[in-house]
Amino acid sequence: MYARVKRWAVLPAFALLLLTGGCAELTVLDPKGPVGESQKELIMFSIILMLFIVAVVFVAFTYMIVKYRDRPGRDEKDYDPNHHGNTTLEIVWTVIPLIIVTALSIPTVQTIFELEEAPEASSDKEPLVVYATSADWKWFFSYPEQGIETVNYLHIPTDRAVEFRLSSADSMASLWIPALGGQKYNMAGMENTLYLQADEEGTYQGRNSNYNGSGFAAQTFEVHAEGEEEFRDWVAEVQSEAPELTQETYDELLVPGLLEEMEFSSTHLEYVDHGTNEGRDYLIERHKDAFEEPLHLKGGRGVEDE
């Protein structure tokens with residue numbers, strides 16, 4: 001008997017462990033820039049409003065089951081509902097959902113339109129333009145003003161907006177840096193714009209958040225946010241020490257598979273812009289055969305070669 005009680009006594013502790021196991025702070029609720037902060041405020045507003053609605057529903061539910069429960073001495077004369085054709089009730093259960101939807105919609109729409117522009121916090125500086133091109137299963141980051149390009153990592157200055165121009169060389173992807181803001185899609189033959197900004201120095205994790213095949217989990221990158229001077233030093237180092245990105249080299253890098261981090265002192269924009277209709281089929285025209293047989297991934301970060 002004692003052993004049985006002891007086993008059952010472990011269950012509350014086990015349940016507590018399960019509940020607290022995911023209590024590490026969520027990255028999206030610890031933003032490092034104004035875009036992420038705006039989205040956090042919207043998330044928290046929505047959560048609080050919905051929790052309030054849930055609380056009201058549970059209070060009303062408890063009131064109903066207590067007041068109208070079946071109990072000794074109760075008969076039909078104690079409960080005479082008048083629902084059919086009750087205009088007051090119909091107005092209530094129509095207006096309340098409209099109020100809830102409106103309360104959620106207005107701040108959501110306002111935030112969406114605000115985030116389509118560069119953050120006001122750094123309006124005194126021109127945004128840094130970075131072309132973020134996805135390909136199965138890597139990222140190419142082109143800096144047209146600086147004339148450099150990186151693969152699977154990027155550097156950005158703090159306190160300055162970054163204007164990401166998103167496109168894809170093949171399948172649809174989605175660029176997401178949780179610490180800085182929400183995601184936006186990369187598609188071949190078109191260009192989307194995403195504004196993000198880092199207010200704190202550090203290294204942040206980015207990834208593709210749209211499933212696109214066997215290498216999806218490894219299509220990640222690091223974002224190094226640093227002061228303006230450190231950023232300029234890094235740019236100068238890449239410009240002077242990294243090799244040029246020839247069209248032949250770029251075509252080889254586009255082959256479906258994983259890649260290590262790389263940097264170049266020129267960009268693939270000299271040969272193709274996948275965000276235009278002319279660049280839509282650039283990869284397919286060169287590597288069509290690679291998609292006709294199962295792909296064996298090798299050579300990626302943390303992936304052992306076969």
Side-chain angles (χ1 to χ4, degrees), residues 25-50 101-134 139 141-148 150 153-167 173-187 190-210 221-235 267 269 273 275:
E25 190 165 12
L26 294 174
T27 303
V28 294
L29 298 182
D30 184 27
K32 305 301 182 183
V35 175
E37 186 65 35
S38 295
Q39 294 174 339
K40 172 192 172 182
E41 292 173 357
L42 179 61
I43 291 171
M44 295 307 299
F45 169 79
S46 301
I47 290 175
I48 292 171
L49 177 60
M50 289 185 284
V101 172
T102 302
L104 287 171
S105 299
I106 291 177
T108 300
V109 172
Q110 288 177 335
T111 302
I112 289 173
F113 276 92
E114 288 174 3
L115 297 183
E116 289 300 312
E117 303 291 338
E120 291 186 3
S122 59
S123 58
D124 58 323
K125 304 175 185 176
E126 285 294 320
L128 171 68
V129 176
V130 177
Y131 284 75
T133 305
S134 67
W139 291 94
F141 298 104
S142 308
Y143 297 73
E145 297 172 12
Q146 292 73 25
I148 62 174
T150 60
Y153 84 98
L154 72 156
H155 284 237
I156 60 173
T158 55
D159 301 315
R160 180 182 176 186
V162 181
E163 180 182 319
F164 287 101
R165 298 185 182 180
L166 311 176
S167 63
S174 180
L175 185 140
W176 185 31
I177 307 172
L180 302 184
Q183 59 83 35
K184 213 169 206 182
Y185 289 104
N186 298 62
M187 292 173 277
M190 66 176 295
E191 182 180 280
N192 283 329
T193 301
L194 173 66
Y195 289 100
L196 296 176
Q197 180 176 320
D199 286 343
E200 298 181 22
E201 295 185 11
T203 300
Y204 308 118
Q205 302 302 313
R207 64 168 301 107
N208 168 25
S209 64
N210 184 71
F221 58 93
E222 289 188 339
V223 182
H224 303 278
E226 56 205 2
E228 187 72 38
E229 184 176 347
E230 289 81 1
F231 174 73
R232 287 198 298 266
D233 290 342
W234 171 77
V235 169
T267 79
L269 298 176
D273 181 355

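Counting only N and O atoms by type, the side chains of Ser142 and Thr267 include no donor and acceptor under 3.5 Å apart.
Shown here for Leu196 and Leu180, the closest heavy-atom pair between the two residues is CD2-O, 3.6 Å. For Phe164 against Ala132, the heavy-atom pair with the smallest separation is CD2-CB, 4.1 Å. For the residue pair Leu128 and Phe231, the shortest heavy atom distance occurs at CD2-CZ, 3.8 Å.
Contacts of Arg165 classified as salt bridge (charged side-chain N to carboxylate O under 4.0 Å, His left out), with partners at least two apart in sequence or in another chain: Glu163. With sequence neighbours left out, Lys40 forms a side chain to side chain contact (heavy atoms under 4.5 Å, CB included) with Leu29, Pro31, Glu37, Met44. Remark: Asp30 pairs with Lys32 by the salt bridge (charged side-chain N to carboxylate O under 4.0 Å, His left out) rule, at least two apart or across chains.
Proximity of the aromatic rings of Phe141 and Phe221 is defined here by a centroid distance below 6.0 angstrom, and this criterion is met.
Comment: Glu116 engages Lys184 in a salt bridge, judged by a side-chain N to carboxylate O separation of less than 4.0 angstrom.
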From CA spacing to verdict: side-chain contact (heavy atoms from CB on, under 4.5 Å), Glu226, Ile156: CA-CA 6 Å; Glu226 56 205 2; Ile156 60 173; over 6 Å; no
Check against side-chain contact (heavy atoms from CB on, under 4.5 Å), Ser46 and Leu104: CA-CA 7 Å; Ser46 301; Leu104 287 171; 3.9 Å; yes
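Taking the six-membered ring where the residue is Trp, His155 and Trp234 present parallel rings, their angle staying beneath 30° rather than reaching 60°.
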